[in-house]
There are 2 protein chains.
Amino acid sequence: MNDLFKALADPTRRAILDELKKGDKNAGEIKDCFNITGASISHHMSILHNAGLVLRERQGQQIIYSLNTTVFQQLIEWIYNIKGENNENQ
Amino acid sequence: MNDLFKALADPTRRAILDELKKGDKNAGEIKDCFNITGASISHHMSILHNAGLVLRERQGQQIIYSLNTTVFQQLIEWIYNIKGENNENQ
DNA sequence: TAGATATTTAGATTATTTTCTAATTATCTA
DNA sequence: TAGATAATTAGAAAATAATCTAAATATCTA
C-alpha cells in the first residue's frame with residue numbers, strides 16, 4: 001500500500017499513467033512524451049510496475065507497458081475506510 | 001491535486017489520518033501517538049492541512065485537528081478518470 | 001503581568017528520491 | 001556472428017522531504 005501511494009506521489013508517474021490510459025506504449029514511446037532520459041523513465045516504470053500499476057510485456061526488442069487498473073480497487077477501499085463508509089456499490 | 005498525493009505518500013501522515021478517523025485530536029494528542037517530536041508533527045499537520053485533508057481549530061491553548069473527508073471526492077474522481085469509468089454511484 | 005503550557009516556525013541535518021551519464025543486457029537483422 | 005536498436009542497471013549528483021533542536025508565538029492562570 002505504501003508502494004502504491006509513493007508511486008502515485010510523483011507527477012511524472014501520474015502523467016505516465018495518463019498516457020497509458022490512451023493505450024499501451026513501449027518504453028521509447030513513453031520516453032518521447034517527456035523531457036527526461038530513458039534511464040529515468042525506466043526507473044519510473046520500475047516503480048509503477050512494483051506498485052502493480054502497470055503491466056510489462058516484452059515484444060521483440062521492445063517492452064510494452066499497459067495500465068493495470070485492478071490495483072486501484074485497493075486505493076478505493078483505503079479511501080472508503082478512512083471516510084468510514086462502506087463500498088457496496090463498487 | 002499534487003499536494004494531495006504528496007500528503008498521502010508519507011506513512012506517518014496516513015497514520016495521523018487513521019488516528020483522526022477515531023475522533024478529533026489536538027496536536028499534543030497526535031504527537032503522543034508517534035515517536036517523533038512535536039515540531040515534526042506540526043510540519044506533517046501543516047502538509048495535511050495544506051492538502052485539505054484536515055481542519056484546524058484553536059480551542060484555547062490547543063489546536064484541534066479533525067479529518068476533512070470531502071477532499072477524498074477529488075481523489076475518487078481521479079481514480080475513476082484514470083480507470084476510464086464514470087462515477088455515477090458516488 | 002509573570003510564568004506555565006501548547007503549538008508553531010526557523011534553520012540545520014539526515015534520509016530519500018529524482019535525474020543524469022556511462023555501461024550492460026537483450027533482441028533483431030544483414 | 002557483428003553491428004544496430006531498445007531498454008535496463010549501476011553509480012553519482014542534484015533536488016526534495018523528514019526530522020531534529022532551539023527559539024518564537026499564543027493562550028491560559030495565579
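A, B, ... follow the sequence lines: proteins, then strands. Residue 1 opens every chain.
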In whole angstrom, give the distance that lies between atom [atom1] of [X] and atom [atom2] of [N].
| X | N | atom1 | atom2 | value |
| --- | --- | --- | --- | --- |
| B:Gln62 | C:dT8 | CD | C1' | 15 Å |
| A:Tyr65 | D:dA6 | OH | C1' | 11 Å |
| A:Lys31 | D:dA7 | NZ | P | 10 Å |
| A:Ile41 | C:dT21 | CD1 | C1' | 16 Å |
| A:Met45 | C:dT18 | CE | C1' | 16 Å |
| A:Asn50 | D:dT9 | CG | C1' | 15 Å |
| B:Leu48 | C:dT8 | CG | C1' | 15 Å |
| B:Ile64 | C:dT5 | CD1 | P | 18 Å |

Could you work out, with side-chain hydrogen bond (donor to acceptor under 3.5 Å, both in side chains) as the rule, every residue matching [X], not counting sequence neighbours?
| X | answer |
| --- | --- |
| A:Asn2 | B:Arg14 |
| A:Asn68 | A:Thr70 |
| A:Ser40 | A:Thr37 |

Pair B:Phe5-B:Leu75, side chain to side chain contact (heavy atoms under 4.5 Å, CB included): steps then yes or no
CA-CA 9 Å; B:Phe5 278 108; B:Leu75 192 54; 3.6 Å; yes
Which pairs, with at least one residue in residues 46-70 of chain B and sequence neighbours excluded, count as a ring-ring contact (aromatic ring centres under 6.0 Å, His included)?
none
Counterpart residues, side chain to side chain contact (heavy atoms under 4.5 Å, CB included), relative to [X] (two or more places apart):
| X | answer |
| --- | --- |
| B:Ser66 | B:Asp24, B:Leu55 |
| B:Thr69 | A:Lys83, B:Leu67, B:Phe72 |
| B:Arg58 | B:Ile63 |
| B:His43 | B:Ile47 |

Test applied, side chain to side chain contact (heavy atoms under 4.5 Å, CB included); reference residue, B:Leu48; option that passes from B:Ile16, B:Asp10, B:Leu20
B:Ile16
Output one line per pair: protein atom, nucleotide atom from nucleotides 23-30 of chain D, and distance, for all N/O pairs under 3.5 Å.
residue, atom, partner, partner atom, Å
D:dT27, O2, B:Gln61, NE2, 3.2

Tell me, which pairs form a salt bridge (Lys or Arg N to Asp or Glu O under 4.0 Å) where one or both residues lie in residues 25-42 of chain A, sequence neighbours left out?
A:Glu19-A:Lys25
Of all of residues 23-30 of chain B, which get a heavy atom below 4.0 angstrom from DNA chain C, listed by number?
B:Asn26, B:Ala27, B:Gly28
Polar atom pairs (N or O), protein with nucleotides 17-20 of chain D, under 3.5 Å:
residue, atom, partner, partner atom, Å
D:dA18, OP1, B:Asp10, OD1, 3.3
D:dA18, OP1, B:Arg13, NH1, 3.4
D:dA18, OP1, B:Arg13, NH2, 3.0
D:dA18, OP2, B:Arg13, NH1, 3.3
D:dT19, OP2, B:His44, NE2, 2.4
D:dC20, OP2, B:Thr37, N, 2.8
D:dC20, OP2, B:Thr37, OG1, 3.1
D:dC20, OP2, B:Ser40, OG, 3.0

